[in-house]
Amino acid sequence: MLEKLAAYMEYPFVRYALIAGILIALCSSLLGVTLVLKRFSFIGDGLSHVAFGAMAIAAILHFSNNMLIILPITVAAAILLLAGGQNRKIKGDASVAMISVGSLAAGYMLMNLFSTSSNISGDVCSSLFGSTSILTLSVTDVWLCVILSIVVIAVFVLFYNKIFAVTFDENFARATGTNAGAYNFLIAVIIAVIIVLAMNLVGSLLISALVIFPALSAMRVFKNFKAVTVCSAVFSVVCTALGILISILGGTPVGSTIVLIDIIGFVIFWIIGSFGGKKR
């Protein structure tokens, strides 16, 4: 198996997939802790459905680079979801459900009415559950992923203290002069970028796993915010790398394999947390 893996590593597409997958997993895990603590975990699920609808629009319009359509629409939806979560009349979970279901239905309807492929079911299935597109990345795709990931990581590191304050006590952060609205806006934009990047890796329906499982796994063992964030990042990177390698060696779907590895990792951390106690 090691010889087979070494042989596969000689191919550029395997290296590209590992680089892109690890960067996407790292970015997802960093913001995942914030989303879980703010009880807004399913914003990733809602935005992934919005991205699916935007992808359908890009396919109908025959855009050569669908990122020009998907990214702006997903960012706009992230801002709307954030505003809905702060509106007393429309709670956060309700706004996520409304936008999520509406976008998914609209995207599927558009793909059926304005079909650009003879295999609609296959296209929809690959979009929702991931496809082999992560294994067919070009150098341009990898560089785009690297640049956007560097931006996300840099923003998180530079504004770590503010994100920490807004995550734990938004009212206190406002009282101390922090512009909580601006940082919530920043978090929403970053999340939208991560969702768009992650679509090629695990598909629309499985994106939430990249956000939720690493954070929840780390919280089973640690309680310090920084320790949880670091552990979540390491957990996500290791599980994603293992998932991609197992998928390549075993011929299994990339997205599903990564999510199953995440679940196994969560069970292991749950056992460690149950018997070992949480580290402060």
Handout entry: Pairwise distance CD1(Ile212) to OG(Ser217) - rounded to 0.5 angstrom
Key = 11.0 Å
Practice task
Please check if the side chain of Ser236 supplies one atom and the backbone of Ser232 the other of a donor-acceptor pair under 3.5 Å.
Solution key: no
Handout entry: Intermediate values then yes/no, side chain to side chain contact (heavy atoms under 4.5 Å, CB included), Tyr160 and Leu30
Key = CA-CA 10 Å; Tyr160 171 82; Leu30 292 179; over 6 Å; no
Handout entry: Any Phe156 side-chain heavy atom under 4.5 Å of Thr229 side chain
Key = yes
Fill in the blank from the handout: In terms of heavy-atom contacts, Gly243 and Ile258 come closest through CA-CG1, 3.9 Å
Exercise for the section: I would like to know whether Ile261 and Val238 meet side chain to side chain contact (heavy atoms under 4.5 Å, CB included); could you show each step before the answer? Expected result: CA-CA 9 Å; Ile261 296 296; Val238 171; over 6 Å; no
Practice task
Could you pull out the closest heavy-atom pair between Val228 and Ala218, with the gap in Å?
Solution key: O-CB, 3.4 Å
Handout entry: Cluster link Ile194 to Val237, ILVMFWY, side chain under 4.5 Å
Key = yes
Practice task
Looking only at non-hydrogen atoms, find the nearest pair between Leu71 and Ala192 and report the distance.
Solution key: CD1-O, 4.4 Å
Problem - Sidechain-backbone polar pair: Thr240 side chain, Ile22 backbone, donor-acceptor under 3.5 Å - result: no
Exercise for the section: Measure from the ring center of Phe269 to the ring center of Phe213 and say whether it is less than 6.0 Å. Expected result: no
Completion exercise
Closest non-hydrogen contact found for Pro214 with Phe235 is CA-CD2, 3.5 Å
Exercise for the section: State yes or no: do Ile264 and Val221 share one hydrophobic cluster built from I, L, V, M, F, W and Y residues joined by side-chain heavy-atom distances below 4.5 Å, directly or via other members? Expected result: yes
Handout entry: Side-chain (Ser274) to main-chain (Trp270) donor-acceptor, under 3.5 angstrom
Key = yes
Exercise for the section: May I ask whether Leu144 and Ile190 are part of the same hydrophobic cluster, defined by side-chain heavy atoms of I, L, V, M, F, W, Y residues being less than 4.5 angstrom apart, directly or through others? Expected result: yes
Handout entry: Phe266 with Leu260, same ILVMFWY side-chain cluster at under 4.5 Å
Key = yes
Practice task
Measure the shortest side-chain to side-chain distance between Ser149 and Leu26 over non-hydrogen atoms and say whether it is less than 4.5 angstrom.
Solution key: no
Practice task
For residues Val33 and Met219, determine if any side-chain heavy atom of one lies less than 4.5 Å from a side-chain heavy atom of the other.
Solution key: yes
Practice task
Applying side chain to side chain contact (heavy atoms under 4.5 Å, CB included) between Ile150 and each of Val146, Ile147, Leu148, Val152, report the one that passes.
Solution key: Val146
Completion exercise
In terms of heavy-atom contacts, Val189 and Val75 come closest through CG2-CG1, 4.0 Å
Problem - Inter-residue atom distance Cys231.SG - Asn224.CG, 0.5 Å rounding - result: 11.5 Å
Exercise for the section: Return yes if some donor-acceptor pair links the side-chain N/O of Arg15 with the main-chain N/O of Glu10 below 3.5 Å, else return no. Expected result: yes
Handout entry: Linked, directly or transitively: Val259 and Ile246 (ILVMFWY side chains, under 4.5 Å)
Key = no
Practice task
Flag the pair Ile191 / Thr74 as yes when at least one side-chain heavy-atom distance between them is below 4.5 Å, and no otherwise.
Solution key: no
Practice task
Calculate, to the nearest 0.5 Å, the distance between atoms CG and CD1 belonging to Leu158 and Ile153 respectively.
Solution key: 11.5 Å
